[in-house]
Structure formats: structure tokens, C-alpha cells
There are 2 protein chains.
Amino acid sequence: TKTPKAARVRLAELIKESQSPADVWIQKLSDTKRDIELHLTRLADEATSDVGSVPEIDVAYAEQGQFNELRLRRLTKLWEEQKSDKTQPIVNRDAPRATDLAPQPIARPRVVVLGSGWGAHAVAKVIDTKKFDAIFISPRSYFIFTPMLASSSVGTVEYRSICEPMRSSNPFIDFYEAASTGIDVERKVVKCVSVGTSSEFEVPYDFLVLGIGMKSNTFNTPGVEEHCFFLKEVEDAKRLRAGIVDAFEQASLPGLSEDELRRRLTFVVVGGGPTGVEFSGELFDFLQQDLKRYYPRLVPFVSTKMLQSGEGILEQFDGALQSLALRSLRREGTEVVLGARVVEVTADSIKYKTKDGSVVSVGCGVRVWACGNQPRPLARDLIAQLQRPEDAPRGRIATDAWLRVLGVPDGSVFAIGDCAEVETGALPQTGQVAAQEGAYVARVLNDEALWPPADSPPGPAPGGA
Amino acid sequence: TKTPKAARVRLAELIKESQSPADVWIQKLSDTKRDIELHLTRLADEATSDVGSVPEIDVAYAEQGQFNELRLRRLTKLWEEQKSDKTQPIVNRDAPRATDLAPQPIARPRVVVLGSGWGAHAVAKVIDTKKFDAIFISPRSYFIFTPMLASSSVGTVEYRSICEPMRSSNPFIDFYEAASTGIDVERKVVKCVSVGTSSEFEVPYDFLVLGIGMKSNTFNTPGVEEHCFFLKEVEDAKRLRAGIVDAFEQASLPGLSEDELRRRLTFVVVGGGPTGVEFSGELFDFLQQDLKRYYPRLVPFVSTKMLQSGEGILEQFDGALQSLALRSLRREGTEVVLGARVVEVTADSIKYKTKDGSVVSVGCGVRVWACGNQPRPLARDLIAQLQRPEDAPRGRIATDAWLRVLGVPDGSVFAIGDCAEVETGALPQTGQVAAQEGAYVARVLNDEALWPPADSPPGPAPGGA
């Protein structure tokens with residue numbers, strides 16, 4: 001993930017210039033819109049840069065084949081009819097019936113995509129729905145612009161501004177709000193359970209794309225699930241924002257000792273990766289700007305800490321960047337403790353082991369857990385079913401260079417983004433890589449000329465069962 | 001509550017004109033800002049129109065007396081210091097200590113205000129914090145611009161755009177996020193319990209203003225609490241928005257019969273008062289605009305119903321308005337059932353009794369309960385403690401013409417808004433009345449010349465114990 005540094009600097013200036021919160025919000029929304037448009041433009045560029053035969057995205061929508069044109073014409077007609085008289089009944093008995101609008105049985109192969117993150121979103125943008133019946137399945141019906149999730153947790157940007165419904169990403173796909181509980185690669189079906197109703201159903205596929213990401217890793221540390229905030233979903237960011245405000249509201253109540261105030265207003269971030277560093281920066285901005293305006297009396301009692309198990313922060317990045325980030329955090333007043341391994345979290349403290357083996361307990365009011373990710377059960381199951389442990393040493397689904405899952409002989413299953421690892425060399429687990437992989441798989445599916453040579457099936461895994 | 005009709009028409013035009021959701025959002029935000037500014041301007045006008053001696057609101061802030069000027073100067077200095085070097089530590093050990101910033105013990109009388117609705121918000125805007133130590137106590141730390149709550153439940157406006165933190169309404173008040181559990185008018189203390197920590201504490205007062213509103217009334221109908229959505233708080237609107245989206249997502253899953261689709265997409269509003277009618281209008285706009293874009297195939301299965309126990313809707317308004325609203329709802333396709341008394345609500349149906357005594361069961365997916373309000377326990381307790389049942393026949397705290405609570409001999413307790421009723425003639429239970437009452441009480445407190453004559457104490461209640 002990439003922090004839009006320039007946008008943050010610009011926001012900071014705006015906040016200084018303007019006295020009206022509404023003006024600032026409006027400007028922020030414009031900035032967010034620009035960011036998102038920029039991203040979509042880049043995605044469109046990527047989709048067309050390598051392969052001349054893939055049409056530009058908007059054109060692709062407009063040039064959907066006969067089937068979708070027919071459907072689109074009917075929808076447009078219905079829409080125009082309704083629009084012409086704003087006050088006519090919603091239920092128009094003369095309108096085309098659902099069965100008219102539903103996909104007619106046309107022999108198109110079906111692509112099922114699991115997920116709604118960077119990878120799946122890119123597939124939705126590029127897949128040719130004229131050629132494929134495309135069904136997306138995810139417990140979350142919208143894509144999140146993750147670089148701004150940390151900003152949304154302190155209220156700099158509104159949640160809805162960083163979400164895009166998958167149905168809106170591409171109106172010609174179908175979407176099921178459901179979790180996938182299993183994949184049968186023999187029968188070529190995905191087993192699903194509805195998020196809302198818990199009803200179970202199966203979805204057959206011709207091609208399957210796995211973009212299911214990973215889940216937060218607590219390393220089985222006691223108390224983390226109960227007492228820490230996370231930063232993975234919009235719901236996490238909402239809970240965290242409420243938690244920060246609660247800490248200040250509770251510290252505003254009468255009768256608290258100075259020690260108690262200090263404890264309640266100690267913010268601890270566990271993990272010195274990109275998420276932890278991003279959130280620390282946003283928290284600093286929040287404390288600089290909002291804290292002083294709304295809770296001036298509490299300023300002297302606030303402190304921020306970062307606990308990092310490794311010997312430096314942002315360890316996957318360049319050394320110069322690491323020390324720059326560390327200096328910057330410390331200059332902002334965050335106490336960064338390196339070599340600190342958290343062993344227990346309670347409702348009002350965090351215990352960690354230092355390098356010399358002693359255990360330190362820190363009283364605190366808000367705890368954010370940003371310690372990296374682990375594979376989801378679906379990925380674990382698939383690996384156990386199809387691959388050898390040594391193919392997927394980090395629990396990521398192993399793929400060949402075409403992103404086809406090893407161990408699926410007919411090459412009908414692809415895996416992209418954080419849940420997958422290319423056997424010829426692991427790529428970084430970032431949104432950029434996931435989006436590029438998603439666009440790549442969609443382009444390959446769209447154009448038979450790009451399909452892998454028939455004499456190189458992806459599996460069974462080399463040397464495997 | 002008043003629907004900003006003009007703003008809604010303007011929005012509808014904008015949505016038609018523009019293809020970009022972000023443009024629409026930005027415009028909506030501007031409109032909301034204008035609405036809120038308009039409201040604040042009106043409030044300022046009201047605050048100054050009757051009483052020449054009360055300064056204009058912004059001037060009132062600037063002209064806070066010696067105490068607040070001192071505090072403001074210190075805060076400004078601290079803020080300027082911090083701002084000059086954006087990267088200096090948050091915890092500035094050289095900065096003024098909290099004890100420097102805290103209110104010095106000055107013999108100012110204390111006004112405690114319970115609530116954060118229209119009444120309490122108006123008190124916060126007008127009360128003279130130079131004369132009074134003003135403490136506001138409410139479980140909700142922000143004011144809601146209620147006329148747009150129904151819009152926020154269908155996503156037309158963002159929640160945050162209709163909320164204002166009480167701390168921001170007037171930075172010179174103190175605020176406790178707590179519920180009040182009892183009032184001791186002898187000892188002049190309010191008993192409170194913190195929302196977050198459940199800790200209990202007492203707050204002494206010299207003057208007390210009750211602006212606690214009312215709570216939703218389920219009339220003890222079985223199943224309402226569990227299976228209905230409400231429209232009173234922002235949390236209610238959030239749940240309702242999620243509920244509407246869930247209904248459509250669940251109806252999008254494969255394998256549902258047409259009957260099941262029809263049931264899941266039946267929306268029932270119980271109650272034909274302003275809230276029910278406002279929400280029905282917003283729901284219609286939502287179904288017209290968003291449904292067709294995101295769920296075109298589901299359009300023919302959607303229906304909306306309103307169940308109203310009385311013989312007409314909007315019964316407290318003029319007859320012509322009533323029939324206009326009824327015609328408009330029916331033209332939009334809402335089936336309005338009059339004389340329908342709901343007797344039971346389940347997870348997938350509503351049972352109601354018609355005028356002729358027969359019981360009808362309606363299968364439905366989303367149920368909104370908007371059937372009016374009942375007194376909060378705190379108001380009930382206070383009435384039982386101080387007043388005769390015939391003083392407060394509708395469970396609203398009886399006051400004299402100065403809004404002083406009957407039965408409090410020293411006249412130190414006021415009640416405003418929905419929770420109160422003036423003995424000389426009940427006023428409508430609207431936000432406008434509550435705001436005018438709040439501004440009135442604050443003006444009376446600010447200026448001794450306006451205090452009630454000493455020979456007319458508010459209680460004990462006339463002829464009472």
C-alpha cells in the first residue's frame with residue numbers, strides 16, 4: 001500500500017487555510033475523487049499497454065456484444081419510461097419481467113471470481129463480459145481503496161468515499177454476497193454460504209480466479225482478538241475511530257487521577273509495517289489537529305507508542321527509507337520500541353518481552369494490531385488438497401508463471417494477489433501487484449492468443465503426486 | 001421536523017444531470033452545508049430578535065469575559081507554538097500543563113444541561129459561558145440535524161454531514177458522555193453513569209435544563225425490538241441502510257423462488273407520522289435511482305407498504321396536507337393501509353388487525369417502526385417525584401410559562417423540547433419548538449432582567465402536595 005503523501009500535505013495546508021469544516025470536507029472529497037480517478041486511469045492504461053487487442057475499458061463496456069446490447073437496450077428503455085414520469089408506481093406491471101431481463105441461456109463459459117479486493121476489482125474492470133458469464137463472490141460487496149483506510153480511521157476521509165460497490169465497478173457482472181467454504185476442482189464448483197441468510201449453495205465454473213487475500217495474524221497472542229483494533233476492513237476503521245473518540249470522552253469524565261488519564265490516553269500500535277506506520281502518521285495528524293480543538297485540557301496526557309518485534313520498521317523496504325521513517329516517527333513524539341514481542345493483551349495494558357528476555361507491561365487505552373497477515377482457511381484447504389507443503393512454504397497458493405494454480409491439471413484455476421505466490425519468484429504483497437495480476441488474468445482469458453501453450457499444463461505440481 | 005423539499009428536488013436534478021457519483025456527492029455536501037448554515041443563521045436570528053441585550057452569537061464567543069479570554073489566549077499560544085513546527089513532539093513538556101488550562105475556581109453559578117438534541121444544542125449556542133460554568137451531559141456527544149436523518153438512511157447524505165459535536169457547537173462548554181439516572185432536586189445534583197466505562201458519578205448544579213427528548217414507543221408489541229428498524233439515532237439510520245442493502249444482496253443470491261423474492265423485497269413502514277412519511281419518500285427516491293442501476297433484475301419484485309393505525313396520515317397537520325400526502329404516497333406506488341393496528345412482528349412478517357377485527361399477515365423483508373414516542377424513565381421518575389399525574393397527562397414534564405418545572409420550589413430546574421409540556425398550552429413536539437425553547441431558557445439565564453418575578457415560584461404544583 002502507498003500513502004498518498006502529496007495529498008496529505010495538501011490536506012494539511014487546506015485545514016490551515018480554511019476555517020469551515022464543510023469546505024475542508026468538500027476539498028477532501030475532490031482530492032479523493034482525483035486519487036481514485038488517477039488509479040482507474042492507471043488501471044485502464046495497464047489493461048491496454050501490453051496487449052493491443054484489448055479495447056480500452058469504457059469502450060469495452062460500450063462494445064459489449066449482442067447479448068449485453070439487448071439487455072442494455074431493455075434496461076435503458078425501462079429506465080427511460082420510469083424517468084419520464086417520476087411519480088409513477090415503482091411496481092410497473094407493464095414493465096419487462098425479471099425473466100426478460102435475466103441472462104438468456106447462451107453457451108458462454110463462466111468465470112467465477114472470489115474476492116472484492118485489488119485483484120478481483122481489476123478482473124471486474126478488464127474481463128470481457130461479452131465472452132464470459134462473470135460471477136463475483138465475496139462476503140464484502142464493495143472494493144476498498146486501502147491506501148486511505150488509515151485516514152478514514154481518524155476521520156480525514158469518509159468511509160464511503162473510499163468504497164466502490166463491485167456492481168458499480170462493472171454493471172455487467174453478477175455478484176453474490178457470500179463466503180466461499182470450499183472448492184471442488186473435480187466437479188468444478190465453488191461451495192458458498194450467504195453472509196446474511198447462512199443459506200448454502202454451489203456455483204459451477206469453467207474458470208475460477210482466487211483473489212481472497214489474507215486475514216490478520218494474531219500469532220495466537222492471548223487477548224488480541226478481544227482488546228485490539230485492526231485495520232483491514234471498513235468496519236475495523238469504524239470501530240477504531242469510535243475507540244479513539246471513546247478514549248477522549250472517557251478521559252473527559254470528572255474524577256480521574258493524572259495517572260489514570262495518562263493510561264487512558266496512551267495509544268499503542270503493535271507492528272512496524274506499512275499499516276502501522278501509516279496509521280501512526282494519521283494518528284499524529286489527528287492529535288495535532290482535532291485533539292487540541294476539542295479536548296485542549298487533555299493534550300499533556302497523550303502519548304503514542306509503537307512496538308515492533310524486528311530490529312527496524314518497514315523491514316521490507318530500503319534501509320535509508322527505514323531509518324527516515326524511524327526518525328520521523330520519533331520526531332513526532334512516538335516512542336518506538338524495537339525487538340519487543342507482545343506476549344499478552346488485556347483491557348488496559350499490553351505486556352511484551354524485550355530482547356534481553358524481561359517482560360514489560362504498558363498501561364494503555366487504545367491498542368491497534370497491525371502485525372501482518374496469515375492465509376485464510378480456504379487457501380490452506382486448497383493447498384492441502386492440491387499441493388505439497390514445500391510448494392507453498394508461506395501458506396500462499398503456489399502458481400505457475402501464468403498464475404495458474406499448481407495441481408489443477410486443466411489449468412482452469414488462477415490465483416492472484418496476497419493469497420498467491422508465483423513459483424518462479426514471489427512478488428511483493430501490495431495492492432499494485434494484485435491489481436496488475438488481476439488485469440493480467442482477465443486479459444489472458446479475454447484473448448485466446450495469450451493462452452498458455454497447450455504443452456505446459458500447470459500441474460500436478462512438478463515432481464508431485 | 002421539516003423535509004428540505006427544495007434541496008431534494010435540486011438533488012434529483014443533479015443526479016439526472018451528472019454521470020459522476022463523486023460530483024453528485026460533492027454537490028450534496030455543498031447543499032447540506034448550505035442547509036446547516038441556514039439553520040445556524042436562523043438560530044442566531046432567533047437568539048437576538050426578541051431581546052436586544054443578548055449579543056450576536058459569534059460576538060458572544062469573541063466577547064467571553066476575562067476568564068475565557070485568558071484561557072483562549074493560552075490555548076492560542078499553545079496552538080501557535082505547535083503549529084509553527086509541525087513535527088515537534090505531541091507531548092510538549094514545556095507546554096502549559098492541563099492544570100493551567102483547567103477552569104480556575106471562580107465563583108460562577110453552574111448550569112447543567114441534559115441532552116444533545118435541538119433544545120440542548122440551542123442552549124449551547126446561546127448560553128453565556130462568561131457568566132456560567134456550563135456542563136452538558138448526554139449519552140450522545142453530538143447534535144443531529146434530524147430533518148436529514150431519513151435521507152442518510154438511504155445514503156443520499158453522509159452521516160457525518162448531519163452531525164455536529166457538542167464540543168464544537170460551543171468550545172467553552174464542558175461535556176460528559178454519560179446517561180443521567182436520577183435527579184436529586186433537594187441536594188441539587190444529577191446522578192450519571194458513563195456510557196463507556198459504566199462508572200457512576202454525581203454532578204452538582206445551580207441551574208438544571210432538561211432537554212432529554214423521548215424514546216421510541218413499541219406499545220409492547222411482540223417482536224418490534226428484535227425485528228424492526230427505527231429512525232431516531234444515527235446508529236438507527238446506519239442499521240437501516242445496511243438492512244436495505246442486505247435485502248437486495250440476499251435477493252440476488254441464486255435459487256430463490258419468485259414468491260420468496262417478492263417477500264424479501266417488500267418494505268413495510270409502520271406509522272404514518274412525519275418520520276414514516278419522510279422515510280417513505282426517501283425510500284421511493286432510492287428505489288427509483290439506485291435500485292435500477294445496481295439491481296435491475298429485481299425491479300419487478302419490489303413493493304412498499306405503509307401501515308397506519310389512524311384514519312389518515314400526518315394526523316397532526318392540516319386536512320388538505322393530509323390528503324395531498326396520501327395521494328402522493330399512493331401515486332408513488334406505496335400501498336397505504338389505514339386503520340391497521342400491528343399486533344405482532346416476526347423475522348419475516350408483520351401481523352395487523354384491520355378495522356373489522358380480522359388479522360392480516362404480510363410477508364416482508366424490511367420493517368421500519370415509526371410509531372411515535374414515549375417518555376424516558378428519567379422523565380417518568382421526575383414526574384412521579386414532583387408532580388401529580390393530572391399535571392403531566394401525556395408523561396411530559398409539566399412546566400410553567402417560564403419553562404420552569406412545576407414542583408421545584410426554587411425554580412432552578414427547566415425543561416424544554418419533547419420531554420416537556422407548558423401547563424398554559426402544549427406546543428408541537430418539533431425540533432423548531434425545542435430550539436426556540438432552548439434559546440429562550442439560555443437568554444433568560446443570561447440576563448437577570450428577564451428572570452421571572454420573585455413572587456411567582458413555579459411550585460409546588462398548583463393545588464399540589
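To find a chain, count down the sequence lines: A is the first, B the second, and so on, and within it residues start at 1. Fair warning: this is a prediction, and the values are worked out from it, not measured in the lab.
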When you check the gap from the basic side-chain N to the acidic O, do B:R297 and A:D174 get nearer than 4.0 Å?
yes

Measure the spacing between OH of B:Y294 and OG of A:S141 and express it to the nearest 0.5 Å.
10.0 Å

Tell me, for B:T197 versus chain A, whether the close heavy atoms (under 4.5 Å) come from the side chain, the backbone, both or neither.
both

Between A:S252, A:A178, A:P165, A:S199, the one whose heavy-atom pairs under 4.5 Å with chain B are most numerous:
A:S252

Checking heavy atoms, do the side chain of B:Q250, its backbone, both or neither come under 4.5 Å from chain A?
side chain

Of the backbone (N, CA, C, O) and the side chain (C-beta and beyond), which part of B:F175 lies under 4.5 Å from a heavy atom of chain A, both, or neither?
both

Are any of the side-chain heavy atoms of B:R167 and A:Y295 separated by less than 4.5 Å?
yes

Is it the backbone or the side chain of B:Y176 that comes under 4.5 Å from a heavy atom of chain A, or both, or neither?
both

So do B:E249 and A:V195 actually touch side chain to side chain, heavy atoms under 4.5 Å?
no

Return the OG to CG distance between A:S194 and B:L256, rounded to the nearest 0.5 Å.
9.0 Å

For a quick test of reading the model, state the closest non-hydrogen atom pair linking A:V157 to B:R160 and the distance between them.
O-NH1, 4.5 Å

Evaluate whether atom CD of A:E202 has more than 12 neighbouring non-hydrogen atoms of other residues, nucleotides or ligands under 6.0 angstrom away.
yes

